[in-house]
Amino acid sequence: MDLAKSGIKILVPKSPIKSRTAVDGFQNESPEKLDPVEQGQEDTVAPEAAAEKPVGALLGPGAERARMGSRPRIHPLVPQVSGPVTAAMATGLAVNGKGSSPFMDALTANGTTNIQTSVTGVTAGKRKFIDDRRDQPFDKRLRFSVRQTESAYRYRDIVVRKQDGFTHILLSTKSSENNSLNPEVMKEVQSALSTAAADDSKLVLLSAVGSVFCCGLDFIYFIRRLTDDRKRESTKMAEAIRNFVNTFIQFKKPIIVAVNGPAIGLGASILPLCDVVWANEKAWFQTPYTTFGQSPDGCSTVMFPKIMGGASANEMLLSGRKLTAQEACGKGLVSQVFWPGTFTQEVMVRIKELASCNPVVLEESKALVRCNMKMELEQANERECEVLKKIWGSAQGMDSMLKYLQRKIDEF
């Protein structure tokens, strides 16, 4: 039977998933240089993949797998023929032009019959094929590609890369400047961490796109809403910070931070809640809360004194002292400092070493280190957010933030 003359068409779908190459680098990347998938662009199809197949052309198993980019079909293509099928017609329907199939054998043996007479044979072959496939390993590249594609459409202010053994979260805010944190950004980070906690990631790498790591809270976003209903908006902002910080406190897998630039306010205070902090030589750290007109956050009132001692902690939290990367390393806020030119490579080498470890050992080791701190940190987070809500809800707190922003505007 000539399929071209019969009007039967075999539709070959385009590949549903675009293959991507994992990019290890993250330092000084601009959003324009990120992969198209991470920018939310539409998938493009290679010229050879987009070429239209001639009517009636059948794909072989190898060609079909290459075309689909995933598992082969689990059943043979069966054309829908109206009316009875003769044995003569069946002889021309050999699959791929080679041999025969249970479907064709049934037709040839019975002469004139209906398509339904071969259902039993086709179903048995299908079941056997599925049983054989269960013993074969699943291609992890397909799973990674799906997750990377989903992240490009799920997140606006962060980039999430699922790599072999770990999840890479990069701050790349579009709703705020200098990777500052507003409720939308914080919710996206929380969502990415929740996904990493549930999947097969052994750890999380947190970094940022550009030359700034994180400038803390987005005060411009906050002040715009405080003018409407100060009490309600201050409560919402304090609740957002409480949930954001608790996500870091309660996360069971190791969190590694690569600080590529300035870390200010909440961007610096969450670092002790993570497990390892690596810094670029050009990075610096500051928590000028009194200058902002607010009280400390991110459990810094507990973790800073534990890490660097009371005197140095007070210097940072009360007077807003700025620490260089080397000074922060000397005080215990940073684990290691790397040269800017090789920062990305140094981080990735160490991350891949950690990702090769047993995930149970990593998680249990973190649990042993943090077991006596979780409740204390949650209580400190609660106290800090209550004070913030009180300050932001007052007229004096509002004036202090407005004066800070005015000074910043005057500086420019």
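Since this is a predicted model, take the numbers as computed values, not measurements.
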Q: Please confirm whether the backbone N or O of Leu377 pairs with a side-chain atom of Asn381, one donor and one acceptor, at under 3.5 Å?
A: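 Side chain of Asn381 to backbone of Leu377, a donor-acceptor pair under 3.5 Å: no, none is there.
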
Q: Got a donor-acceptor contact below 3.5 angstrom from the Glu184 side chain to the Ser175 backbone?
A: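 Between the backbone of Ser175 and the side chain of Glu184 there is no qualifying donor-acceptor contact (under 3.5 Å).
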
Q: Please check if the side chain of Thr167 supplies one atom and the backbone of Gln163 the other of a donor-acceptor pair under 3.5 Å.
A: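 No, Thr167 side chain to Gln163 backbone: no donor-acceptor pair under 3.5 Å.
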
Q: Quick check on Lys187: does its NZ atom have over 12 non-hydrogen neighbours (other residues, nucleotides or ligands) under 6.0 Å away?
A: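 12 or below, so no.
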
Q: Just checking Leu318: does its CG atom have more than 12 heavy atoms from other residues, nucleotides or ligands closer to it than 6.0 angstrom?
A: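 Yes, CG of Leu318 has more than 12 neighbouring heavy atoms, counting only those of other groups under 6.0 Å.
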
Q: Tell me whether the count of non-hydrogen atoms from other residues, nucleotides or ligands lying under 6.0 Å of NZ in Lys282 goes above 12.
A: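 Open.
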
Q: Please evaluate residues Val204 and Phe251 with respect to the criterion side-chain contact (heavy atoms from CB on, under 4.5 Å), reporting the C-alpha separation (whole Å), side-chain torsions for both, the decisive distance (0.1 Å), and the verdict.
A: CA-CA 10 Å; Val204 169; Phe251 195 75; 3.7 Å; yes

Q: For residues 173-198, which residue pairs qualify under ring pair (Phe, Tyr, Trp, His ring centres under 6.0 Å), counting only residues two or more places apart or in two chains?
A: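 Output for this query is empty, none listed.
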
Q: Let's go through Lys202 and Asp164 carefully: what are the C-alpha distance in whole Å and the side-chain angles of both, what is the deciding distance for salt bridge (charged side-chain N to carboxylate O under 4.0 Å, His left out) to 0.1 Å, and is it a yes or a no?
A: CA-CA 9 Å; Lys202 299 179 183 179; Asp164 191 13; over 6 Å; no

Q: Can you find a heavy atom in the side chain of Trp278 that is under 4.5 Å from one in the side chain of Ile256?
A: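 Counting from C-beta outward, Trp278 and Ile256 do come under 4.5 Å.
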
Q: Among Leu362, Leu354, Val276, which one satisfies side chain to side chain contact (heavy atoms under 4.5 Å, CB included) with Pro254?
A: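 Output: one option passes, namely Leu362.
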
Q: The criterion is ring pair (Phe, Tyr, Trp, His ring centres under 6.0 Å); which residues satisfy it with Phe222, sequence neighbours excluded?
A: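 Partners of Phe222 under the ring pair (Phe, Tyr, Trp, His ring centres under 6.0 Å) test: Trp392.
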
Q: What do the steps show when you test Leu203 against Ile255 for side-chain contact (heavy atoms from CB on, under 4.5 Å), and what is the final call?
A: CA-CA 6 Å; Leu203 53 90; Ile255 301 178; over 6 Å; no

Q: What distance separates Ser207 OG from Leu171 CG, expressed to the nearest 0.5 Å?
A: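 Here the rounded value is 7.5 Å.
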
Q: Among Arg161, Arg350, His168, whose side chain to side chain contact (heavy atoms under 4.5 Å, CB included) with Leu205 holds?
A: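 So the option named by the test is His168.
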
Q: For residues Asn246 and Glu382, determine if any side-chain heavy atom of one lies less than 4.5 Å from a side-chain heavy atom of the other.
A: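 SC-SC contact between Asn246 and Glu382 ruled out.
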
Q: Taking only Lys NZ, Arg NE, NH1 and NH2, and the carboxylate oxygens of Asp or Glu, determine whether Glu239 and Arg242 approach each other closer than 4.0 Å.
A: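 Judged by the 4.0 Å cut-off on N to carboxylate O distance, Glu239 and Arg242 do form a salt bridge.
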
Q: Ignoring hydrogens and angles, state whether a donor on the side chain of Asn178 or Ser180 is under 3.5 Å from an acceptor on the partner side chain.
A: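 Side chains of Asn178 and Ser180: no pair found under 3.5 Å.
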
Q: Tell me whether Glu386 is salt-bridged to Lys389, with the criterion being a basic N under 4.0 Å from an acidic carboxylate O.
A: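 Here Glu386 pairs with Lys389 in a salt bridge, since their nearest N and O are under 4.0 Å apart.
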
Q: For a side-chain contact (heavy atoms from CB on, under 4.5 Å) check, start with the C-alpha distance between Met401 and Phe292, then their side-chain angles and the critical distance, and finish with the verdict.
A: CA-CA 6 Å; Met401 283 188 287; Phe292 295 159; 5.6 Å; no

Q: Treating Ser176 as the side-chain partner and Thr173 as the backbone partner, does any N or O pair qualify as donor plus acceptor under 3.5 Å?
A: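 A pair under 3.5 Å: no.
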
Q: For the backbone of Ala367 and the side chain of Lys252, can you confirm whether one donor and one acceptor N or O come within less than 3.5 Å of each other?
A: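 Absent.
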
Q: For Phe248, what residues pass the ring pair (Phe, Tyr, Trp, His ring centres under 6.0 Å) criterion, not counting sequence neighbours?
A: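 Ring pair (Phe, Tyr, Trp, His ring centres under 6.0 Å) check on Phe248 returns Phe244.
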
Q: Under a 4.5 Å cut-off applied to non-hydrogen side-chain atoms, are Phe343 and Asn260 in contact?
A: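 Side chain of Phe343 against side chain of Asn260, heavy atoms only: contact under 4.5 Å found.
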
Q: Output yes when Lys306 and Glu376 qualify as a salt bridge under the 4.0 Å nitrogen-oxygen rule, no when they do not.
A: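 Yes, this pair counts.
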
Q: I'd like to know if Glu327 pairs up with Arg321 as an ion pair, taking the criterion as any Lys NZ or Arg NE/NH1/NH2 lying under 4.0 Å from an Asp or Glu carboxylate oxygen.
A: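 Yes, charged N to carboxylate O under 4.0 Å.
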
Q: Is a side-chain donor or acceptor of Ser234 paired with a backbone partner of Lys231 at a separation under 3.5 angstrom?
A: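 Side chain of Ser234 to backbone of Lys231: a pair is present.
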
Q: Would a 4.5 Å heavy-atom cut-off, applied to side chains only, mark Leu333 and Val277 as touching?
A: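 Result no, sub-4.5 Å side-chain heavy-atom pair not found.
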
Q: When you check the gap from the basic side-chain N to the acidic O, do Asp275 and Arg370 get nearer than 4.0 Å?
A: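 Yes, Asp275 and Arg370 are salt-bridged.
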
Q: I'd like to check Leu323 versus Gln286 (side-chain heavy atoms, cut-off strictly below 4.5 Å). Are they in contact?
A: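 A side-chain contact under 4.5 Å is absent here.
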
Q: Is any side-chain heavy atom of Leu273 closer than 4.5 Å to a side-chain heavy atom of Val245?
A: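 Side-chain contact under 4.5 Å: yes.
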
